[in-house]
K.L.:
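Sharing a structure, written as structure tokens. Questions coming.
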Amino acid sequence: MTSKPDEDTAKAGEEKELIQDEKGPEEDSEEEDVAAEAPGAGEGQKKKKKKKKPKKKRVQQTDPPRIGLSKMFPNDIYPEGELQPYKDDNAWRITSEEKRYDEKMAMEDPETTYQNIRRGAEVHRQVRQRARKFIRPGMTMTEIADYIEDGTRALVEESGLDAGIGFPTGLSLNHCAAHYTPNPGDTTVLQSGDVLKVDIGVHVKGRILDSAFTLTFEPTYDKLVEAVQAATNTGVREAGIDVRLGELAGYIQETMESYEVEVNGKVLPVKPIENLSGHSINLYQIHGGKSVLLVKNEDQTKMEEGDYFAIETFGSTGRGRVVDSGDCSHYAKILDAPRVPLRLTSAKSLLKSITNNFGTLPFCRRYLDRAGESKYLLALNHLVQQGIVQDYPPLCDVRGAMTAQFEHTILLRPTVKEVVSRGDDY
């Protein structure tokens with residue numbers, strides 16, 4: 001999920017498989033192996049009997065994905081992401097005994113353990129691998145969202161505010177760069193010429209895994225997609241402890257602007273969207289306060305040990321700037337929202353439902369329907385007007401432009417940088 005800077009106050013893709021020792025009927029019997037007789041061995045020597053070892057049965061994730069990760073990782077130890085060593089003045093960290101000890105302590109602390117974010121990352125990889133095969137032109141946005149979200153809920157084993165969806169699935173199309181998910185009744189159908197951004201969030205105990213990719217179904221905008229993926233990888237590579245956010249933005253900009261796209265014989269530059277950004281992530285708070293813009297700037301804020309960051313880039317063939325446009329679908333209760341008297345009884349009731357079901361995690365109107373709410377638009381708008389809930393309308397460039405997005409969540413561990421959402425796909 002993207003961050004709009006002005007509003008930010010607040011591996012592998014291999015299928016991970018459950019391996020169990022399960023004995024089939026044939027495995028309970030003993031198999032007789034005739035031992036070769038040694039020279040001079042007596043004829044009365046008995047044949048050796050050898051028990052056949054139980055075969056290890058692999059249970060693969062289903063399609064659609066429905067096997068919860070606790071059944072695949074019963075010891076609650078989840079795969080590490082891609083590890084990248086720190087550079088320059090922080091290269092010493094990888095061999096530091098002190099920093100290794102800090103990581104050991106973090107892993108033993110249930111509040112800071114890396115297993116929560118890795119669990120979310122593994123859910124993300126397994127869901128998105130299947131979604132990439134599932135999504136095809138002719139499907140409605142609602143069908144696509146339901147496939148992704150039903151899979152996410154099943155694999156993360158949704159449990160109130162302890163585990164579930166991190167934010168509404170972003171399915172922004174074409175000139176729309178971010179913050180679109182279908183509202184109830186939306187009949188939008190994916191077309192073969194569309195550029196689709198798929199932004200998926202998973203959380204475990206408030207640790208939000210935020211990662212996104214772009215799909216196209218014909219080659220016109222392949223270079224646009226390539227440019228944005230390369231820019232995101234640059235941001236991931238150059239990020240690290242003590243890196244200044246304004247300088248990091250410059251590296252991202254340089255990579256993105258080195259690409260061009262040819263559309264109908266016309267060569268178009270790929271522009272970074274100047275008013276979108278990546279962002280730090282706090283517990284139960286998708287936009288944690290630090291922003292990584294996509295164009296070089298004077299922000300001297302440094303990345304710090306222990307930070308979680310969504311390194312997220314957007315490229316456009318248009319003007320490279322977005323504005324609010326279209327019906328709002330994304331909302332979130334504001335952290336430390338003011339206590340104000342609510343004149344609408346329906347608003348009080350809706351606020352209670354939002355708090356119980358989502359806390360400060362982003363939600364959408366489809367999720368309110370799923371929670372049993374109805375006829376809530378007046379109350380929802382009232383909560384927005386009172387500064388209790390923040391609305392996040394779709395963010396769009398000019399019509400006719402195409403936009404693309406890629407995003408990874410990184411963890412700045414004491415010894416090394418971990419790209420927790422990395423997979424074989426991207």
Side-chain angles (χ1 to χ4, degrees), residues 1-8 82 84 124 128 170 172-180 195-201 209-216 221-240 243-261 268-281 286-288 290-297 299 303 307-322 395-397 401-410 417 419-423 425-426:
M1 183 174 178
T2 190
S3 162
K4 196 174 179 184
D6 295 341
E7 298 168 354
D8 283 351
E82 178 191 51
Q84 296 185 4
H124 198 287
R128 78 186 191 224
S172 303
L173 288 168
N174 304 331
H175 72 293
C176 184
H179 292 177
Y180 162 83
V195 178
L196 172 66
K197 280 72 64 182
V198 184
D199 196 349
I200 305 172
L209 192 288
D210 184 1
S211 186
F213 57 94
T214 297
L215 293 177
T216 58
Y221 293 98
D222 284 357
K223 278 294 179 182
L224 170 64
V225 174
E226 183 183 334
V228 179
Q229 185 170 6
T232 295
N233 285 334
T234 294
V236 169
R237 184 182 66 247
E238 298 299 331
V243 171
R244 298 187 188 276
L245 302 183
E247 293 177 4
L248 181 57
Y251 298 130
I252 291 169
Q253 179 181 8
E254 183 179 10
T255 297
M256 185 118 36
E257 291 180 347
S258 68
Y259 284 80
E260 296 175 330
V261 184
L268 305 173
V270 177
K271 299 177 183 178
I273 298 181
E274 64 182 29
N275 59 333
L276 291 181
S277 67
H279 48 92
S280 58
I281 306 174
I286 187 62
H287 297 156
K290 296 180 182 179
S291 297
V292 184
L293 288 162
L294 311 183
V295 293
K296 189 174 183 179
N297 60 87
D299 189 350
M303 291 181 157
D307 278 350
Y308 286 85
F309 265 92
I311 303 298
E312 173 175 30
T313 76
F314 295 84
S316 174
T317 61
R319 63 187 172 194
R321 186 173 183 86
V322 293
L395 299 170
C396 302
D397 203 326
M402 288 294 183
T403 61
Q405 171 194 20
F406 274 89
E407 176 179 23
H408 275 300
T409 297
I410 65 172
K417 172 174 54 185
V419 190
V420 288
S421 55
R422 182 73 81 192
D425 47 356
Y426 66 92

K.L.:
Just by modelled atom types, is the Q405 backbone N or O under 3.5 Å from a matching donor or acceptor in the T214 side chain?
P.N.:
yes

K.L.:
Mind checking what makes salt bridge (charged side-chain N to carboxylate O under 4.0 Å, His left out) contact with R244, not counting sequence neighbours?
P.N.:
none

K.L.:
For A249, enumerate each residue passing the side-chain contact (heavy atoms from CB on, under 4.5 Å) test, keeping only those at least two apart in sequence or located in another chain.
P.N.:
L293, N297

K.L.:
Would you sort out whether S421 and H408 count as a side chain to side chain donor-acceptor pair (under 3.5 Å), showing the intermediate values?
P.N.:
CA-CA 6 Å; S421 55; H408 275 300; 2.6 Å; yes

K.L.:
Going by an N to O cut-off under 4.0 Å, is there a salt bridge joining R321 and D397?
P.N.:
no

K.L.:
Could you check R422 against Q84 for side chain to side chain contact (heavy atoms under 4.5 Å, CB included), going step by step and ending with a plain yes or no?
P.N.:
CA-CA 11 Å; R422 182 73 81 192; Q84 296 185 4; 4.0 Å; yes

K.L.:
Below 4.5 Å, heavy atoms only, C-beta onward: do H279 and V292 meet side chain to side chain?
P.N.:
no

K.L.:
Taking the side chain from K417 and the backbone from V236, do they hold a donor-acceptor pair closer than 3.5 Å?
P.N.:
yes

K.L.:
For L268, what residues pass the side-chain contact (heavy atoms from CB on, under 4.5 Å) criterion, not counting sequence neighbours?
P.N.:
V263, K266, T317

K.L.:
Taking all heavy atoms of G315 and all of V228, pick out the closest pair and write down the distance.
P.N.:
N-CG2, 3.4 Å

K.L.:
With sequence neighbours left out, write down each residue that passes salt bridge (charged side-chain N to carboxylate O under 4.0 Å, His left out) with D199, or none if nothing qualifies.
P.N.:
none

K.L.:
Are any non-hydrogen side-chain atoms of V322 and C396 less than 4.5 angstrom apart?
P.N.:
no

K.L.:
Working to the nearest 0.5 angstrom, can you tell me the gap between S291 OG and F309 CZ?
P.N.:
8.5 Å

K.L.:
Suppose we screen for salt bridge (charged side-chain N to carboxylate O under 4.0 Å, His left out). Which residues come up paired with D299, at least two apart in sequence or across chains?
P.N.:
none

K.L.:
Could you tell me if the side chain of V261 sits less than 4.5 Å from the side chain of Y221, heavy atoms only?
P.N.:
yes

K.L.:
Passes side chain to side chain contact (heavy atoms under 4.5 Å, CB included), D210 versus I286? Steps please.
P.N.:
CA-CA 8 Å; D210 184 1; I286 187 62; 3.6 Å; yes

K.L.:
On a heavy-atom basis, which atom in E312 and which in S277 lie closest, and how many Å separate them?
P.N.:
OE1-O, 3.5 Å

K.L.:
To the nearest 0.5 angstrom, please state how far the OG1 atom of T234 sits from the CD1 atom of I311.
P.N.:
11.0 Å

K.L.:
Sub-3.5 Å donor-acceptor pair from the side chain of N174 to the main-chain atoms of M402, do we have one?
P.N.:
no

K.L.:
Would you name the heavy atoms of L294 and L276 that are closest together and state the gap between them?
P.N.:
CG-O, 3.5 Å

K.L.:
Under the side chain to side chain donor-acceptor pair (under 3.5 Å) rule, collect the residues that match up with Y259, sequence neighbours excluded.
P.N.:
none

K.L.:
Please report the shortest heavy-atom distance between S211 and E407, naming the atom on each side.
P.N.:
OG-O, 2.7 Å

K.L.:
Would you say L245 and M303 make side-chain contact, with heavy atoms under 4.5 Å?
P.N.:
yes

K.L.:
For residues 221-237, which residue pairs pass the salt bridge (Lys or Arg N to Asp or Glu O under 4.0 Å) check, not counting sequence neighbours?
P.N.:
K223-E226

K.L.:
Any donor-acceptor pair under 3.5 Å linking the side chain of T403 with the backbone of S316?
P.N.:
no

K.L.:
Taking only residues two or more places apart in sequence, or in another chain, which ones meet A231 in a side-chain contact (heavy atoms from CB on, under 4.5 Å)?
P.N.:
I252, T255, M256, T313

K.L.:
For residues S280 and D307, determine if any side-chain heavy atom of one lies less than 4.5 Å from a side-chain heavy atom of the other.
P.N.:
no

K.L.:
Under the side chain to side chain donor-acceptor pair (under 3.5 Å) rule, collect the residues that match up with E260, sequence neighbours excluded.
P.N.:
none

K.L.:
With sequence neighbours left out, write down each residue that passes side chain to side chain donor-acceptor pair (under 3.5 Å) with K271, or none if nothing qualifies.
P.N.:
none

K.L.:
To the nearest 0.5 Å, what is the distance between CD1 on I281 and OH on Y308?
P.N.:
9.5 Å

K.L.:
Without swapping roles, check the side chain of K197 against the backbone of A212 for a donor-acceptor pair under 3.5 Å.
P.N.:
no

K.L.:
V198: which residues meet the side-chain contact (heavy atoms from CB on, under 4.5 Å) condition with it, sequence neighbours left out?
P.N.:
I135, I148, L171, L196, I200, F213, L215

K.L.:
Quick one: ring pair (Phe, Tyr, Trp, His ring centres under 6.0 Å) partners of F406, sequence neighbours excluded?
P.N.:
Y426

